[in-house]
Amino acid sequence: MDTIVMKFGGSSVADNERLKLVANKIIDMYNKDKNIVVVLSAQGKTTDNLISEALELSKNTKDREMDMLLSSGEQISIAKLSILLNEMGYKSISLTGWQAGILTSNTNQNAIIKNIDTTRILKELEDRKIVIIAGFQGFNENLDITTLGRGGSDTSAVAIAAALNAKECYIFSDVDGVYTADPNKIENAKKLSALSYSEMMEISSEGAKVLHNRCAEIGDKFKIPIITKSTFNNKAGTIITDIIEENTIKSIVKKDVSRVSIIGNGIIRNVDFIKGIIDIVTEYKLEMLEFNVSESKISIDFKNLIDKEILERFHSIIL
Ligand code: ADP
Ligand code: ASP
Ligand code: MG
C-alpha cells in the first residue's frame, strides 16, 4: 500500500472548524487505501505568540528553552486532530518529534534532521492508524528537544516522506500552489503547475515563505514529488519534481527592501529577458549595487527601496 504524507500549516489548523476540514481531507485520502502520515504546524499564530511572551520575560532567552517552549505549539495541534479523527471513527495516533524518531543535530532553534528511525511510525501504520506527527521538531543526541527554524514543518514532512519512501508529499496551506510571485503582494501573480527541485530551492532560499528552504533539497535528494495545494479549495496545485528542464522564467522574489531575485532554469541564456530588466532599471533610474546571474537565477541588490510598483514592473516581464 502506498504511503502519502500530508502536511498542514498553521492557518489550516487554526481552529476547530478548520481542523474538521483537514480531517475530511485526510479521511478522503485514507479511504483510497493509502497509509497516511500527517505532519502539522502549530495553530494559527501560536508560535509567534509564544515567542513574544518569552521575550516579555527575557531579552536573553536560551535556545534550548525556546525549543522546549515553541515545540509545545505543534503538540497541541497534533493531539487535537487525533482526538477529532478518533471521534469521527478513524483510528489515529499523535507522535511528538522524538516519538517519531526524528534525530537532529544539536543546534537548537535551527537544527538539521540527521536520521529518522521509522520503527514506531511503521508499527502504527501497520495497525491502519493515521499517524499524526508534530512538525518543526526533533530531538538531539542529548535527548533535548530541537526545532528546525521558522517554517520548518515543511522540511519535517518531506524528510518523513523520504524516510518512509512515500509516494508523494502534499503541503497544504492557504495558497493553492507556488506562484510567479507572492500572490498576497502581487495581484496578477500566476500559479505555476510544475517546478523543478532546483528552481524551488532557489525560490525558497531567496526568502519566499511558501516552502521552507531545506525541503526541496531533501525532495530532490530522495526524489519525493512535493505537491503544494490549498486546504480550502480543491484546485490543482503545483508539483515540484524532476521535471524536464525548460527555459522559462518562473518566479520573482523580493527578499528584503532592496533585493529582487528572478528564478527560472536557463535564465542566463534569455538575453531578451535580461535586456527587459535593464530597461526597467533605466526607466526608474535604479542604482544597482550588485547584479548576479547564474544558470537559474538573477539577483539584484539595489541601493534604494524597491516598492510594490517597481516589483510589479519586474513581475510583468516574466508573465
Ligand atoms: P503555512 O503556514 O501553511 O506553512 P506559509 O504562510 O508558511 O504557510 O506559506 C504560505 C504563504 O507563502 C502564502 O500565504 C503566501 O503569502 C506566501 N508566498 C510567498 N511567496 C509565494 C509564492 N511565490 N507562491 C505562493 N505563495 C507565496
Ligand atoms: N510552527 C512553526 C512556525 O511557525 C513551524 C511551522 O509552522 O512550520 O515557524
Ligand atoms: Mg510555512
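All ligand and atom numbering here is 1-based and tracks the order in the structure. Sequence positions, counted from 1, serve as the residue numbers for this chain.
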Contact (N/O only, under 3.5 Å) between Asp154 and ligand 2: no
Atom CD of Glu283 with >12 non-hydrogen neighbours under 6.0 angstrom: yes
Nearest-option assignment for atom 6 (O) of ligand 1, heavy atoms, candidates Glu206, Lys209, Met200: Lys209
Distance-only N or O hit between ligand 1 and Ser11, under 3.5 Å: no
Residue and atom name of the nearest protein heavy atom (relative to atom 2 (O) of ligand 1), distance in Å to one decimal: Gly10 N, 3.4 Å
Any N or O of Asn184 closer than 3.5 Å to N or O of ligand 1: yes
Polar contact flag, side-chain donor to acceptor under 3.5 angstrom, Asp279-Tyr284: no
Whether Phe8 and Phe172 hold their rings parallel, tilted or perpendicular, with breakpoints at 30° and 60°: parallel
contact_flag Gly152 ligand 2 heavy-atom lt 4.0 Å: yes
Which segment of Val175 sits under 4.0 Å of ligand 1 when only heavy atoms are counted: side chain
Per atom 18 (N) of ligand 1, closest listed option by heavy atom (Asp182, Asp154, Leu40): Asp182
Ile26 and Leu81, any side-chain heavy atoms less than 4.5 Å apart: yes
Protein contact to atom 7 (O) of ligand 2 [nearest heavy atom, distance to 0.1 Å]: Ser41 OG, 3.1 Å
Heavy atom of Ala181, distance to ligand 1 below 4.0 Å: yes
contact_flag Gly151 ligand 2 heavy-atom lt 4.0 Å: yes
Ligand 1 contact by Ala189, heavy-atom criterion under 4.0 angstrom: no
Heteroatom distance test (Arg150, ligand 2): nitrogen or oxygen, under 3.5 angstrom: yes
Side chain to side chain, Asp174 and Ser230, heavy atoms closer than 4.5 Å: no
Atom 6 (C) of ligand 2 - nearest protein heavy atom and its distance: Ser153 OG, 3.3 Å
Within 6.0 angstrom of Lys45 NZ, more than 12 heavy atoms from elsewhere: no
For ligand 1, the portion of Lys7 having any non-hydrogen atom under 4.0 Å away: side chain
Atom 2 (C) of ligand 2: nearest protein contact (heavy atom, Å): Glu74 OE2, 3.5 Å
Residue part near ligand 1, for Pro183, under 4.0 Å between non-hydrogen atoms: side chain
pair Leu85-Ile132: side-chain heavy atoms closer than 4.5 Å: yes
Hphob cluster co-occupancy, Val253 + Ile300, side-chain heavy atoms under 4.5 angstrom: no
